[in-house]
Amino acid sequence: LTVDAKYNDGITSKDGLVIAGGNLIISAVDDGMRGKDYIYFKTGTVSIVAGGDGLKSDNDEDSGAGYITIEDGIFDIVAEGDGIQAESNVLISDGTFNLQSGGGSNAYLYGDVSAKGIKSGVSIFIAGGTFNVGSADDAIHSDGDIAIEAGSFTIATADDGIHADGDVFISGGEINITEAYEGLESALGKIVISDGIIYIVSSDDGINVSAGGGNNGGGPGFRSATTSEYALLISGGYIVLDSDGDGLDSNDQMDISGGTILVNGPSANSNSALDYDGECTISDGFLVAVGSSNMAEAPGTNSSQYSLLINFRSGLSAGNIVNIVDEDGERVLTFKTIKAFQSIAFSSPDLKKGSSYNVYLGGSSSGTVVDGLITDGTYSGGTLYTSFTISSIVTTKNL
């Protein structure tokens, strides 16, 4: 079916709209496909070029309506407005989504225009699929909560990669945010990461809990009790950040209990690789956070895993290797930086109370570098920079 709508929407229903299959090619002056009460998409292929939104359900009078459910399908959507927009919930089980909204990540929005990749007024739940999103506004946005269980995401945006006014839950999937203002943000709730592979490049904060006040609420079943309404909670996953603002930022609580986290934070002293206003604790996991020294922080003293914070006496160039070995000469950390830096925060189960460690700077390694981390090969040629013995949960060296 080919639809060329030169006046308004391409395909529209005043109640619900169900697509059970087929190949749809739609060009519309306004929205591509609109089901006022809901859109239910079982399978099929859709190509949309829209002057408004791509897929839209906008019933704001019935709390049980205004949703979009997608089981599977292939979606190629170019929209001046939002790619997929639901007044209430967006539920996606699978599919392939190529979404461009508002002209893409290099575009500039004028006035009160919404040009998000996927947008909901209540909640977004994604259980799988492949997503390529280029947006002038947030790539994935909910006025309530967002939950991602699986899927592959490649995101470039002029604003936030994944933004919820409520909570963000990530329990799986592969997320690659190649361009964003902030990578993951919860404006009024918490971010909970339990699994998944996450890469973020951001011009401001990599992962941010802003704790702006009161929680809008969100979809049922997403909430989980924590010691704080506003918190960054990481219990697993593999996270790599390259941020010009703060790397990990919580305006309240931060808790790390697992996972691998590699932060290439800011070179400028107005931000830091770790930034928290409440308490930060680490009980398990592997953390490397390099960046500027003026506001540098390590996890707090109420942690149960040992941490190290080194502030170097002068700025160091990108490409330097920081090598830490224990008193037996065994490698604890070999990390090659990708940006200029003056501080490193490090925490690992390998750090033990009463043990002594040497820190070497520079040199070279024959090992393979993966996201800055070197886990094999031989290190040589570095200069002994400092030595320390762990006697407390946090060891700080200002050199």
Side-chain angles (χ1 to χ4, degrees), residues 227-228 231-236 239 246-250 252-265 269 272-316 320-337 341-363 365 372-375 379-380 382-399:
T227 56
S228 173
L232 172 57
L233 309 173
I234 301 174
S235 60
I239 302 168
D246 299 323
L248 297 179
D249 183 7
S250 175
D252 200 337
Q253 176 186 349
M254 186 184 300
D255 180 81
I256 300 170
S257 58
T260 297
I261 306 166
L262 308 176
V263 181
N264 297 282
N269 277 321
S272 59
L274 294 181
D275 182 17
Y276 54 92
D277 292 341
E279 183 180 43
C280 175
T281 59
I282 184 166
S283 58
D284 197 2
F286 187 89
L287 170 68
V288 180
V290 298
S292 58
S293 62
N294 188 50
M295 300 174 62
E297 294 182 287
T301 56
N302 286 327
S303 300
S304 58
Q305 178 170 289
Y306 294 95
S307 299
L308 167 68
L309 176 64
I310 300 176
N311 293 317
F312 298 95
R313 64 178 63 96
S314 60
L316 301 165
N320 261 292
I321 294 178
V322 178
N323 186 62
I324 303 176
V325 297
D326 64 16
E327 54 201 13
D328 297 322
E330 295 295 322
R331 180 208 315 267
V332 177
L333 172 69
T334 306
F335 189 78
K336 187 174 184 177
T337 62
F341 71 105
Q342 199 171 347
S343 175
I344 180 168
F346 173 57
S347 184
S348 165
D350 291 336
L351 295 176
K352 306 294 184 182
K353 185 176 182 179
S355 296
S356 298
Y357 300 87
N358 293 326
V359 179
Y360 294 86
L361 190 62
S365 175
L373 197 62
I374 305 174
T375 55
Y379 174 81
S380 62
T383 300
L384 178 62
Y385 197 85
T386 188
S387 300
F388 63 93
T389 300
I390 292 180
S391 59
S392 58
I393 283 292
V394 181
T395 300
T396 301
K397 302 287 286 186
N398 294 308
L399 305 173

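Keep in mind that this is a model prediction, so the values were computed, not measured.
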* Carefully, step by step, assess Val359 and Ile344 under the rule side-chain contact (heavy atoms from CB on, under 4.5 Å). => CA-CA 11 Å; Val359 179; Ile344 180 168; over 6 Å; no
* Have Ser347 and Ser307 got a donor and an acceptor in their side chains that come within less than 3.5 Å? -> yes
* Ser257-Asp284 side chain donor-acceptor pair, cut-off 3.5 Å -> no
[X] (side chain) donor-acceptor with [Y] (main chain) under 3.5 angstrom:
| X | Y | value |
| --- | --- | --- |
| Glu279 | Gly300 | no |
| Asp275 | Asp246 | no |
| Tyr276 | Ala298 | yes |

What is the minimum heavy-atom distance between [X] and [Y], and which atoms define it?
| X | Y | value |
| --- | --- | --- |
| Ile324 | Tyr357 | CG2-CB, 4.2 Å |
| Pro349 | Lys352 | O-NZ, 2.9 Å |
| Gly354 | Thr389 | O-CG2, 3.8 Å |
| Gly291 | Ala273 | N-CB, 4.4 Å |
| Thr281 | Ser303 | CA-OG, 3.3 Å |

Gap between atom [atom2] of [Y] and atom [atom1] of [X] - 0.5 Å precision:
| X | Y | atom1 | atom2 | answer |
| --- | --- | --- | --- | --- |
| Arg331 | Asp326 | CZ | CG | 11.5 Å |
| Cys280 | Ile256 | SG | CD1 | 5.0 Å |
| Ile393 | Lys353 | CD1 | NZ | 8.0 Å |
| Ile321 | Leu361 | CD1 | CG | 9.5 Å |
| Leu308 | Ile390 | CG | CD1 | 7.5 Å |
| Ser235 | Leu233 | OG | CG | 8.0 Å |

Within a strict 4.5 Å, meaning less than it, do heavy atoms of the [X] and [Y] side chains meet?
| X | Y | answer |
| --- | --- | --- |
| Thr375 | Thr334 | no |
| Thr337 | Leu316 | no |
| Leu262 | Phe286 | yes |

* The single option from Ser292, Ser343, Ser293 passing side chain to side chain donor-acceptor pair (under 3.5 Å) against Asn311 -> Ser343
* Asked: Going through the checks in order, is the side-chain contact (heavy atoms from CB on, under 4.5 Å) test met by Phe341 and Val322?
  -> CA-CA 11 Å; Phe341 71 105; Val322 178; 4.0 Å; yes
* To do: Report the C-alpha distance between Phe312 and Tyr385 in whole Å, list the side-chain angles of each, state the deciding distance to 0.1 Å, and finish with yes or no for ring-ring contact (aromatic ring centres under 6.0 Å, His included).
  => CA-CA 9 Å; Phe312 298 95; Tyr385 197 85; 5.0 Å; yes
* Structure fact -> Paired with Phe346, the side-chain contact (heavy atoms from CB on, under 4.5 Å) test is passed by just one of Val332, Leu287, Ile310, Leu309, namely Val332
